[in-house]
2 protein chains.
Amino acid sequence: MAKHDPDLDQLFQALADPTRRAVLTRLAEGPATVSELARPTGLRLPTVMRHLSVLEGAGLIASAKDGRVRSCAIVPEALAPLRSWLDDQRALWEARLDRLDDYVTKLMKEREHGPGPKN
Amino acid sequence: MAKHDPDLDQLFQALADPTRRAVLTRLAEGPATVSELARPTGLRLPTVMRHLSVLEGAGLIASAKDGRVRSCAIVPEALAPLRSWLDDQRALWEARLDRLDDYVTKLMKEREHGPGPKN
DNA sequence: ATGATACTTAGCGATATGGCTAAACATGAT
DNA sequence: ATCATGTTTAGCCATATCGCTAAGTATCAT
């Protein structure tokens with residue numbers, strides 16, 4: 001079980017950080033250098049470098065060095081696996097939606113009566 | 001900058017783990033108890049418990065205790081924020097690609113006449 | 001060749017994550 | 001009451017993550 005899908009792992013992991021999502025959004029406007037990406041974050045360069053290499057490791061961005069400047073750009077097709085995972089899940093979830101709906105409703109009702117566990 | 005969106009943070013973070021994704025996929029088939037969810041993972045109960053509370057914290061599942069058994073179910077609308085983030089990004093990324101396309105086209109045309117810009 | 005610029009690497013500290021065991025509850029069955 | 005069952009809590013260990021500073025490398029400008 002637990003088919004390890006390192007691709008999805010890395011994608012989700014990379015996107016779990018707000019700084020990294022902000023970088024992606026910034027890069028959607030066009031390529032930028034490391035410093036340009038760092039400035040609006042308020043973080044130090046090495047820290048941003050780390051974020052960038054996580055993004056690059058996940059395949060979300062590509063970068064190349066020109067002289068002493070590295071410029072980074074989005075890899076547009078990188079979100080595809082994520083999108084198809086989402087689509088797959090939605091398909092599965094919706095297949096059971098009717099039953100789940102009833103069930104959740106029942107859960108909520110139960111929760112209103114019995115005080116759940118002491119949490 | 002970096003508007004922290006804890007909602008997305010938690011969602012992406014929760015989905016970054018293969019065990020947790022497997023649990024979700026399992027739950028798409030219908031509700032299950034903690035033990036039932038634990039069995040196929042090969043992990044110990046407390047470990048699975050932790051995964052479940054991460055999923056519940058992210059709003060991806062709901063659970064309620066009936067007697068000594070806790071059953072868990074998917075929360076179907078939970079993926080919505082993720083889906084809309086993805087859609088937003090895709091829109092931005094595609095807009096960028098269009099502009100890039102135009103830009104390249106423009107470069108080509110200019111090049112036919114005079115020497116292009118310095119880079 | 002000197003210095004400024006733009007990254008890059010190395011390494012530290014605090015906290016988070018993901019696994020475990022052992023022990024505690026809580027409920028259902030006898 | 002006792003015991004089995006199903007979950008939960010507490011706490012440990014190893015590793016990963018995210019921030020930093022300090023020092024290194026490479027390139028460009030003078």
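Letters A, B, ... mirror the listed sequences (proteins, then strands); counts begin at 1.
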Problem - Test item: A:V75 and A:L60 side chains (from C-beta on) under 4.5 Å apart, heavy atoms - result: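 A:V75 does not reach A:L60 side chain to side chain.
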
Exercise for the section: Taking the side chain as every heavy atom from C-beta outward, state whether A:C72 and A:T33 have any pair of such atoms under 4.5 Å apart. Expected result: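 Not in contact.
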
Quick one: ring pair (Phe, Tyr, Trp, His ring centres under 6.0 Å) pairs with a partner in [range], sequence neighbours left out?
range                     : value
residues 25-59 of chain A : none
residues 56-83 of chain B : none
residues 11-30 of chain A : A:F12-A:W85

Interatomic distance, [X] [atom1] vs [N] [atom2] [rounded to whole Å]:
X     : N      : atom1 : atom2 : value
A:R70 : D:dT27 : CZ    : C1'   : 14 Å
B:D9  : D:dT17 : CG    : P     : 15 Å
B:R39 : D:dG6  : CZ    : C1'   : 12 Å
A:M49 : D:dA26 : CE    : P     : 14 Å

Practice task
Determine which pairs satisfy side chain to side chain donor-acceptor pair (under 3.5 Å) with at least one residue from residues 54-69 of chain A, sequence neighbours left out, and list them in order.
Solution key: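 Checked against side chain to side chain donor-acceptor pair (under 3.5 Å) - neighbours excluded - the pairs reaching residues 54-69 of chain A are A:E56-A:S63, A:S63-A:R70.
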
Handout entry: Any A:K65 side-chain N or O less than 4.0 Å from OP1/OP2 of C:dT8
Key =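 Affirmative; the distance criterion is met.
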
Exercise for the section: Please state whether the phosphate of C:dC7, meaning OP1 or OP2, lies under 4.0 angstrom from any side-chain nitrogen or oxygen of A:T33. Expected result: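 Yes.
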
Nucleotides 28-30 of chain C: which of its N/O atoms have a protein N/O under 3.5 Å away?
residue	atom	partner	partner atom	Å
C:dG28	O4'	B:R68	NH2	3.3

Problem - Closest approach of A:R26 to A:A32 (non-hydrogen atoms, all atoms of both residues) - result: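 Distance-wise, the nearest heavy atoms are NH2-CB, 3.3 Å.
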
Problem - Over all atoms of both residues, closest heavy-atom pair of B:A78 and B:G59 - result: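 In this case the closest contact between B:A78 and B:G59 is CB-O, 3.1 Å.
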
Restricting to nitrogen or oxygen on both sides, can you table the protein-nucleotides 12-14 of chain C pairs closer than 3.5 Å?
none

With 3.5 Å as the limit, what N/O pairs link the protein to nucleotides 16-20 of chain C?
residue	atom	partner	partner atom	Å
C:dG18	OP1	B:D17	OD2	3.4
C:dG18	OP1	B:R20	NH2	3.3
C:dG18	OP2	B:R20	NH1	2.9
C:dG19	OP2	B:H51	NE2	2.2
C:dC20	OP2	B:R44	N	3.0
C:dC20	OP2	B:T47	OG1	2.7

For [X], all residues meeting side-chain hydrogen bond (donor to acceptor under 3.5 Å, both in side chains), sequence neighbours excluded:
X     : value
B:R83 : A:D87
B:Q89 : A:T25, B:W93
A:R90 : none

Exercise for the section: Kindly calculate the angle separating the two end axes of the helix from C:dA1-D:dT30 to C:dT30-D:dA1, each obtained from five base pairs, and round it to 10 degrees. Expected result: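 The end axes of the helix from C:dA1-D:dT30 to C:dT30-D:dA1 are about 10° apart, to the nearest 10°.
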
Exercise for the section: May I ask whether B:V54 and B:L15 are part of the same hydrophobic cluster, defined by side-chain heavy atoms of I, L, V, M, F, W, Y residues being less than 4.5 angstrom apart, directly or through others? Expected result: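 Looking at the clustering, B:L15 is in a separate group from B:V54.
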
Problem - Qualifying salt bridge (charged side-chain N to carboxylate O under 4.0 Å, His left out) pairs, either residue in residues 39-54 of chain B, two or more places apart - result: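 Qualifying pairs, neighbours excluded: none.
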
